[in-house]
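To keep things clear, I will list the structure first and then write my remarks on it.
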Number of protein chains: 2
Amino acid sequence: MNMGDRGATPGALDAQGEQGTQDPSGDGLPPTAWAVLGLLSFPGERTGYELKKWADSSLRFFYWSPAISQIYAELRRLEARGYVTSRRSGPEEPRAKRAYAITEAGRTALGRWADSGHDAGTPVLKHPLLLRVWLGHLASPGHLRTLVEEHIARTEGELKEVRDALARADGVEAWGHPQIALRWSERRLLSELDLAKAMLGDLEELGPGA
Amino acid sequence: MNMGDRGATPGALDAQGEQGTQDPSGDGLPPTAWAVLGLLSFPGERTGYELKKWADSSLRFFYWSPAISQIYAELRRLEARGYVTSRRSGPEEPRAKRAYAITEAGRTALGRWADSGHDAGTPVLKHPLLLRVWLGHLASPGHLRTLVEEHIARTEGELKEVRDALARADGVEAWGHPQIALRWSERRLLSELDLAKAMLGDLEELGPGA
DNA sequence: TCCCACATGTAAGATGTTACATGATTTA
DNA sequence: TAAATCATGTAACATCTTACATGTGGGA
């Protein structure tokens, strides 16, 4: 029983060229840099710390939750390119900090990026629970069940967070696109819950008890 | 209008400790190594090349599609640990290759991993299309629409692949858990299609025309 | 007064990709 | 006989995380 020889798409193993997170605008920036620049495309200036908080309360649900140290690194890179400028806080402000703002060049590059490519890139899903299920013959059935239930609980928590974010976004003008992304996330998490419950049923059918 | 100061979960920005792909078994192996070892937990020996093909036709849909060079690297690491052994093909075989098999130590470690943790790890989703939508104010509405439609087409292709894999799996004995993961993937892709269509509607509502 | 949030970074290391290099065998 | 698939690796590089290091300001 050789399970390995069931190639679905016979396409070449190498040359998998275009990865899901590539940059079709030809600007050579990593996806993280575009996301940071995108955050700065909204009016106002922000510190790296604020950017991180914002990403954690919005982009996190469908894209990305970077380490704070990486935000700072990307900001430096963007500044070196001239896509953002920074300003040290003066003595009038209580805290010493560095606030970043997008430049005209940055806005131009970002616009090019936003309109480039007929393909946004392949979504990447890495779902450790599913790996555990796939390898379910190795674990006790009860353990698998526990893991799925834990996943359901976490997903419910995330759903609540998305709904809170949606409630906060309500009323802010010109907030359209971010809200659509949040709505997508809400529906997605609802579906994730359905999926998990259906899988619980499949698991039960396979090996009852536990 | 400072949109950055809307932190949802006020939890510490640093110390985000446990990442979605961590190893709770305490064995210190990266997630990729467990996946490779998991592939080898099914009966029979396999080459790195076969492992890559197999991953691409199954694990890819919910977990992972590694570079072939990384498979080879992980196999070397696992062999150094004594979790797998390899055998060069003899002259009786037409092709020169190296086939790997799991050892008892490997099976023990993998069993420990499979039963460890009350939490399989946070799923990671990186969806470039959603980043584009979130930053929709930067693109022309028609372009956004094109991207969503492209995503729908790709997803339909993936759905077909999963269904093919499911059809191939049908009839193989003791194939239970992998099939459950594939069924989950089928439902997930169906939902992804729904999500995209609903988003198309939201987008239309926001800015008609294009 | 103590803790938490604010705020910014450096250094080391892990993970993973792409490009390169090579060659045999099978299939059209 | 040409192309695709089988098959294995190295080297360079990009990305990203964790741990470390440091300090201020505000609230309980």
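For clarity, every value in this text was computed on a predicted model and none was experimentally measured. Computed from heavy atoms alone, side chains included, the values below leave out hydrogens, waters and symmetry copies. Here is the naming used below: chain letters follow the sequence lines, and residue numbers restart at 1 for every chain.
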Axial bend angle, the helix from C:dT1-D:dA28 to C:dA28-D:dT1: five-pair end segments, nearest 10°: 40°

Within residues 84-95 of chain B, those residues having any heavy atom closer than 4.0 Å to DNA chain C are B:P94, B:R95

Which residues in residues 33-40 of chain B have at least one heavy atom lying under 4.0 Å from any atom of DNA chain D? none

Just to verify, what does A:T155 make a side-chain contact (heavy atoms from CB on, under 4.5 Å) with, not counting sequence neighbours? A:H151, A:L189, A:E192, A:L193

Contacts of type side-chain contact (heavy atoms from CB on, under 4.5 Å), residue A:E92, not counting sequence neighbours: none

Set of residues satisfying side-chain contact (heavy atoms from CB on, under 4.5 Å) with respect to B:A109, sequence neighbours excluded: B:D27, B:W34, B:Y83, B:R112

For A:E104, all residues meeting salt bridge (Lys or Arg N to Asp or Glu O under 4.0 Å), sequence neighbours excluded: none

Can you run down the ring pair (Phe, Tyr, Trp, His ring centres under 6.0 Å) pairs that involve residues 84-106 of chain B, sequence neighbours left out, and say none if there aren't any? none

I'd like to check the salt bridge (Lys or Arg N to Asp or Glu O under 4.0 Å) partners of B:R77; sequence neighbours left out, ordered by chain and number. B:E74

Quick check on contacts: within residues 70-77 of chain B, what sits under 4.0 Å from DNA chain D by heavy-atom distance? B:Y72, B:R76

Under the salt bridge (Lys or Arg N to Asp or Glu O under 4.0 Å) test, which residues partner B:D202, sequence neighbours left out? A:R183, A:R187

What residues, two or more places apart in sequence or in another chain, satisfy side-chain contact (heavy atoms from CB on, under 4.5 Å) together with B:A114? A:L138, A:A139

